[in-house]
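Contents: one structure, followed by commentary.
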Amino acid sequence: MAYDFKEIENKWVGKYDGFDGFHGKDFEDKEKKYVLVEFPYPSGEGLHVGHVFSMTGTDVYARFLRMKGKNVLFPMGYDAFGLPAENYAIKTGINPKITTKQVTERIRGQMRRLAFSFDWEREVNTTDPDYYKWTQWIFTKLFEKGLAVKEERAINWCPKDKIGLANEEVIDGKCERCGTETERRIMSQWVVKITAYAERLLAGLKDTNFIEKVKAAQINWIDKSMGAKIRFPIKGREEKIEVFTTRPDTLLGVTFMVIAPENKLVAGLMENSAIRNYVNETKKKSEMERTELLKEKTGVFSGLYAINPINGKEIPVWIADYVLATYGTGAIMAVPSHDERDGAFARKYAIEFDNEFVPDEKLMEEILDMGVGEEAVNYHLRDWIFSRQHYWGEPIPMVNCPNCGWVSVPEDQLPIKLPDVEKYLPTETGESPLANITEWVETDCPKCGGKAKRETDTMPNWAGSDWYFLRYCDPKNETVLADMEKMKYWMPVDVYVGGDEHNTLHLLYSRFIYQFLWDLGAVPKGIPEPYDKRLSHGVILGSDGNRMSKSVGNVIAPDAVGDVYGTDVLRTYMMFMGPFDSTMAWNERSLVGVRRFVERFYSFVNENKGNYSTTSIEGMRIIHKLAKGVGEDLGQFKFNTAIAKMMETINELNKNKTEVANAELSMMVRIIAPFAPFAAEEMWNSLGGEFSVHVQNWPEVDEKYLTSEKVTLSIQINGKLRGTVEAATDATEEEVRAAAEEQEKVQKYLSEGNIRKVIYVKGKTINFVVA
RNA sequence: GCCGGGGUGGUGAAAUGGUAGCCACGCGGGACUUAAAAUCCCGUUCCCUCUAAAGGAGUGCGGGUUCGAUUCCCGCUCCCGGCACCA
């Protein structure tokens with residue numbers, strides 16, 4: 001019976017629709033495992049190969065855990081708000097609701113065909129009002145706790161599209177939509193104070209088992225530095241300039257100060273034309289230009305002098321944009337002899353160096369004791385600009401009342417549904433298109449009942465994905481974001497699989513929101529962090545070794561590969577390509593090798609089934625070893641070596657023409673099942689097994705088949721391999737030594753000197769030290 | 001510059017202190033076939049060698065620890081990823 005994947009897939013694919021075996025069972029009295037893979041943005045292209053790769057690996061793992069008797073929660077959903085759908089709507093005039101529905105249906109079909117064992121009863125969609133009701137609710141809580149405030153902030157502005165852009169929408173200083181150079185503009189924006197949680201976000205990492213690189217990325221992004229704040233009096237003025245420094249001991253080497261052009265002091269100096277020109281020039285520059293690394297530093301003298309608090313020396317104060325308003329205090333004490341940047345600036349403007357002093361970090365306390373300042377901590381982490389002037393996002397549930405100011409929409413009035421609009425483009429003033437819908441904007445103040453206006457900004461793409469892992473625990477709850485008892489049962493996420501590109505922002509934002517909900521008492525007290533393990537999946541490159549992109553034309557469509565090779569081969573091939581977390585290039589030729597393997601496996605089972613009543617001892621040994629080895633590999637996401645072991649097994653069984661009885665064939669079928677679910681189901685069925693192989697137990701390993709009486713040991717002479725010897729597993733040194741010394745070659749080498757020492761490692765090696 | 005991860009055959013890779021290169025691709029040879037495809041079998045780190053036996057070299061480079069190092073330690077180098085005028 002030849003392997004006909006199309007027939008097999010068609011026969012079984014529908015059997016898993018609504019299949020109870022893949023449901024996570026709330027409160028079931030088994031060990032729970034919450035296995036999560038990042039949900040996709042549903043793009044018009046459907047799932048790409050990268051999705052298929054990460055989802056297959058996670059699916060294999062989830063299937064394995066189920067077979068190991070765990071109660072597995074393995075959910076899926078769609079992160080469906082976002083720019084591509086909005087841009088498509090701008091182009092075609094079609095409501096993104098419609099396109100999103102079409103695309104999610106297509107993706108669900110792809111996932112079904114790829115045999116992903118998701119719990120479809122828990123599917124979520126971030127654009128569903130029943131879902132974003134709670135995204136909005138979280139925002140109202142942030143506001144009520146003072147963690148969401150509306151502030152003037154500089155944002156990236158596209159003068160052509162007349163729209164504010166988030167940093168991620170600016171590519172190389174240009175607008176992602178039209179390619180126009182962006183400018184900076186000050187606009188009133190909702191800002192979420194994630195910096196208030198900087199220390200918590202650092203400290204919480206100890207409660208997680210993230211892989212090293214993920215932890216490092218988080219620590220790096222938050223970037224805590226310890227130092228001091230030091231105040232410098234200004235000559236002839238009341239104000240002082242406060243600076244943050246990590247090296248207060250360099251205070252003696254300070255020869256000038258620099259303040260950012262945005263510093264408060266600068267506003268009072270604008271009568272000076274040189275200063276005015278410089279500040280205006282700086283405003284025009286984008287963040288990108290200002291932080292250009294190799295750029296020559298520029299600045300202008302402010303006319304002010306500060307007093308070094310430690311030695312009373314007068315030092316000039318400069319204004320320069322290499323000092324960032326957004327970090328520290330927006331002012332620095334410059335130590336040209338000690339800091340490269342200060343040095344470059346001093347050389348350019350011929351400011352005096354002081355090379356005499358010797359800094360000494362141990363003096364920090366002593367210097368602070370002199371009353372010049374106090375210890376301080378600074379974080380690189382910046383607050384989170386939460387406003388977008390886009391249509392296709394969650395409306396920010398806030399009302400602006402002339403009497404009460406900003407008022408959050410009460411829970412019983414949520415969700416604030418996204419209204420339909422005629423035009424999806426932002427307005428002339430840069431407000432979101434929602435601003436055009438007067439009847440929507442005009443509302444009553446929830447507090448005083450007077451006339452008021454709705455916020456027309458929408459939330460960033462991150463908002464919906466910040467808490468989706470909670471909703472999966474209880475996706476249909478109408479009274480709270482998720483039932484506390486259900487969260488207690490399922491949380492934390494045991495394994496979270498995702499891309500490196502989400503190791504900073506998404507992971508940090510979602511940890512922050514979780515910690516905030518924790519403080520609110522909205523999530524279980526005993527669970528301080530949302531994710532236990534975080535793994536990153538690898539990247540699949542095109543066959544030319546470059547990132548897949550439409551313009552290069554190296555994109556692999558998973559559907560097309562599935563048409564030619566079938567789901568089972570596609571899945572198994574992807575898992576065989578290399579380690580799960582590495583970067584790998586697609587290789588059509590290697591795909592053939594995996595097809596050969598799957599066919600051989602399938603034929604082997606068919607040729608043996610029903611023909612033998614017992615399996616030889618050798619066969620038992622091979623198959624039990626396989627069950628053990630693959631089990632160990634799957635628990636560690638080592639899919640490539642698991643498949644290598646299966647290949648080895650089939651080769652060995654075929655070569656020895658081993659006769660295998662149905663009981664052991666059934667073991668083999670269960671072992672391959674997580675990788676090749678359709679073929680495994682067919683083989684299981686043909687062995688007389690009941691539907692479904694995927695809810696069977698992982699094969700029990702009988703250790704008695706794994707302990708062989710004989711092993712091959714290496715014979716080393718001075719550490720060099722000179723032969724091998726067969727011996728009983730528990731043979732004594734004397735026995736092995738005698739057997740080794742019988743060998744002619746060994747005798748030759750031993751005769752070259754005297755045996756000084758013999759090292760015998762049971763089951764591995766015997767090493768003669770000869771001199 | 002800082003942080004994280006790497007460097008092993010022609011290629012993807014395996015081995016985490018004990019026979020380096022499992023498994024797979026590719027390549028070479030053979031079987032089957034009128035022929036091709038498919039399939040199956042044998043070989044395939046490099047050097048020396050007609051071949052084989054035997055030997056030598058070999059996991060980025062240099063050192064160290066050890067009876068023994070791809071694996072542990074020190075120094076260097078190159079590549080990939082993240083962050084970066086962050087005071």
Side-chain angles (χ1 to χ4, degrees), chain A residues 2 211-225 227 243-247 250 257-258 260 290-297 320-324 326-335 338-342 344-345 378-382 500-501 503-504 536 539 545 573 576-579 581-597 599-600 603 638 640-651 654-655 712-725 745 748 756-771:
Chain A
I211 50 171
E212 196 50 39
K213 90 167 150 182
V214 177
K215 267 190 192 176
Q218 298 259 301
I219 292 169
N220 232 333
W221 189 264
I222 298 168
D223 194 11
K224 176 181 184 175
S225 36
V243 301
F244 173 75
T245 175
T246 52
R247 294 295 302 274
T250 61
M257 300 191 75
V258 188
R290 280 186 63 173
T291 56
E292 187 92 47
L293 212 71
L294 297 168
K295 182 200 73 171
E296 196 169 336
K297 299 191 186 345
D321 68 0
Y322 83 90
V323 168
L324 305 174
T326 47
Y327 185 79
T329 61
I332 62 160
M333 57 183 221
V335 189
H338 188 261
D339 184 284
E340 218 177 291
R341 295 155 301 178
D342 297 345
F345 190 80
N378 238 293
Y379 302 94
H380 181 181
L381 182 68
R382 293 188 199 181
D500 281 341
E501 69 275 21
N503 283 345
T504 46
S536 19
V539 176
Y573 165 66
F576 185 61
M577 286 175 84
D581 61 355
S582 70
T583 305
M584 295 156 289
W586 187 262
N587 185 345
E588 186 90 18
R589 281 179 159 163
S590 294
L591 203 41
V592 172
V594 173
R595 176 165 68 188
R596 286 180 191 144
F597 158 68
E599 284 173 356
R600 255 179 262 183
S603 307
K638 289 170 74 174
N640 55 333
T641 55
I643 293 165
K645 287 179 174 108
M646 290 192 273
M647 289 172 165
E648 224 174 313
T649 298
I650 277 295
N651 292 345
N654 272 327
K655 191 169 180 173
T712 308
L713 295 103
S714 61
I715 305 171
Q716 297 176 16
I717 289 150
N718 290 337
K720 277 196 190 274
L721 180 72
R722 296 301 179 189
T724 60
V725 62
K745 203 163 128 188
K748 188 186 124 200
R756 304 279 288 260
K757 199 172 169 187
V758 178
I759 289 112
Y760 171 58
V761 182
K762 236 181 212 179
K764 301 225 161 138
T765 194
I766 183 159
N767 188 7
F768 297 88
V769 183
V770 176

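The chains referred to below are lettered A, B, ... by the order of the sequence lines, with proteins before strands, and numbering in each begins at 1.
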- [ ] State the syn/anti category of B/G9 according to its glycosidic angle, syn meaning within 90° of 0.
- [x] syn
TODO: Can you figure out which of B/A84, B/C42, B/A87 approaches the side chain of A/His380 most closely?
DONE: B/A84
Open item on the list: Whether the side chain of A/Asp581 engages the backbone of A/Ser536 through a donor-acceptor N/O pair (distance < 3.5 Å, no angle test) should be reported.
Closed with: no
Open item on the list: Within the 4.5 Å heavy-atom criterion, are A/Ile759 and A/Ile766 side-chain neighbours or not?
Closed with: no
Task: Integer angstrom distance from the P of B/A69 to that of B/G62 - done: 15 Å
- [ ] Please state the C1' separation for the pair B/U59 and B/G9 - nearest whole angstrom.
- [x] 10 Å
- [ ] Measure from CG on A/Asp581 to C1' on B/G4 and round the result to the nearest Å.
- [x] 12 Å
Open item on the list: Applying a 4.0 Å non-hydrogen cut-off, can you work out what A/Asp223 is touching in the nucleic acid: base, sugar-phosphate, or nothing?
Closed with: sugar-phosphate
Open item on the list: When the P atoms of B/G6 and B/U71 are compared, how many Å lie between them, rounded to an integer?
Closed with: 13 Å
Task: Span that lies between the C1' atom of B/C61 and that of B/U70, in whole angstrom - done: 15 Å
- [ ] Could you tell me which nucleotide pairs with B/U33 by Watson-Crick or G-U wobble geometry, both distances under 3.5 Å, or answer none if nothing does?
- [x] none
Task: Protein-nucleotide distance (A/Glu340, atom CD; B/C2, atom P), rounded to Å - done: 11 Å
- [ ] Find the partner of B/A15: check Watson-Crick (N1-N3 plus N6-O4 or O6-N4) and G-U wobble (N1-O2, O6-N3) distances, both under 3.5 Å, and reply none if neither fits.
- [x] none
Open item on the list: Rounded to whole Å, please give me the gap between CD in A/Glu599 and P in B/U39.
Closed with: 7 Å
- [ ] Work out which heavy atom in A/Leu713 is nearest to a heavy atom in A/Val761; give both atom names and the distance.
- [x] CD2-O, 4.0 Å
Task: B/A20 versus B/G55 - spacing of their P atoms, nearest Å - done: 14 Å
Open item on the list: Looking at A/Gly719, is its backbone amide N or carbonyl O close enough to the side chain of A/Asn767 to form a donor-acceptor pair, meaning the two atoms are under 3.5 Å apart?
Closed with: yes
Task: Whole-Å gap separating P (B/C80) and CG (A/Asn503) - done: 20 Å
- [ ] Counting heavy atoms from C-beta on, name the nucleotide in B/A13, B/G4, B/G82 closest to the side chain of A/Ala216.
- [x] B/G4
Open item on the list: Checking base pairs now: Watson-Crick or wobble, both atom distances under 3.5 Å. What partners B/G4?
Closed with: B/C80
Task: Nucleotide opposite B/A57 in a Watson-Crick or G-U pair, distances under 3.5 Å - done: B/U45
Open item on the list: So, does A/Lys213 get its side chain near the phosphate of B/G5, meaning an N or O under 4.0 Å from OP1 or OP2?
Closed with: no
Open item on the list: Ignoring hydrogens, what is the shortest heavy-atom contact between A/Ser590 and A/Tyr573? Give both atom names and the distance.
Closed with: CB-CE1, 3.7 Å
- [ ] Quickly work out the A/Leu381 CG to B/A84 P distance and round it to whole Å.
- [x] 12 Å
TODO: Please tell me which of the listed nucleotides, B/A13, B/A57, B/C83, lies nearest to the side chain of A/Trp221?
DONE: B/C83
Open item on the list: Please determine whether a side-chain nitrogen or oxygen atom of A/Lys720 lies at a distance below 4.0 Å from atom OP1 or OP2 of B/G58.
Closed with: no
- [ ] Could you give me the CA-CA distance, side-chain angles and deciding distance for A/Ile717 and A/Lys720, then say whether side-chain contact (heavy atoms from CB on, under 4.5 Å) is met?
- [x] CA-CA 5 Å; A/Ile717 289 150; A/Lys720 277 196 190 274; 5.8 Å; no
Task: Expected output: side-chain A/Thr504 to main-chain A/Ala217 donor-acceptor under 3.5 Å - done: no
- [ ] Nearest-nucleotide wise, let me know which of A/Ile332 and A/Asn718 is further upstream toward the 5' end of RNA chain B.
- [x] A/Asn718
TODO: Calculate the interatomic distance between A/Asp500 atom CG and B/G6 atom C1'; express it in whole Å.
DONE: 14 Å
Open item on the list: Measuring from the side chain of A/Ser225 (C-beta onward, heavy atoms only), which nucleotide among B/G4, B/C42, B/A87 has the closest atom?
Closed with: B/A87
Open item on the list: Do A/Asn503 and A/Asp500 pair up side chain to side chain, a donor and an acceptor below 3.5 Å, judged on atom types alone?
Closed with: yes
Open item on the list: If I pick the C1' atom on B/A38 and the same atom on B/U33, what distance separates them, to the nearest angstrom?
Closed with: 11 Å
Open item on the list: If the condition is side-chain contact (heavy atoms from CB on, under 4.5 Å), which residues does A/Asp223 pass it with, not counting sequence neighbours?
Closed with: A/His380
Task: Spacing of the P atoms in B/U77 and B/G26 (rounded, Å) - done: 40 Å
Task: Phosphate contact (B/A14 OP1 or OP2) by A/Asn640 side-chain N/O below 4.0 Å - done: yes
Open item on the list: Strictly below 4.0 Å: does A/Lys748 bring a side-chain N or O up to OP1 or OP2 of B/A54?
Closed with: no
Task: Selection from B/A13, B/C67, B/C42 that lies nearest to any side-chain heavy atom of A/Pro579 - done: B/A13
Task: Annotated protein contacts, base or backbone, on nucleotides 16-25 of chain B with a non-hydrogen cut-off under 4.0 Å, one of B, S, - each - done: --BB--SBSS
Task: Whole angstrom value for the distance that separates C1' of B/G68 from CZ of A/Phe768 - done: 14 Å
Open item on the list: Say we look at B/C73 and B/C80: how far apart would their C1' atoms be, to the nearest angstrom?
Closed with: 25 Å
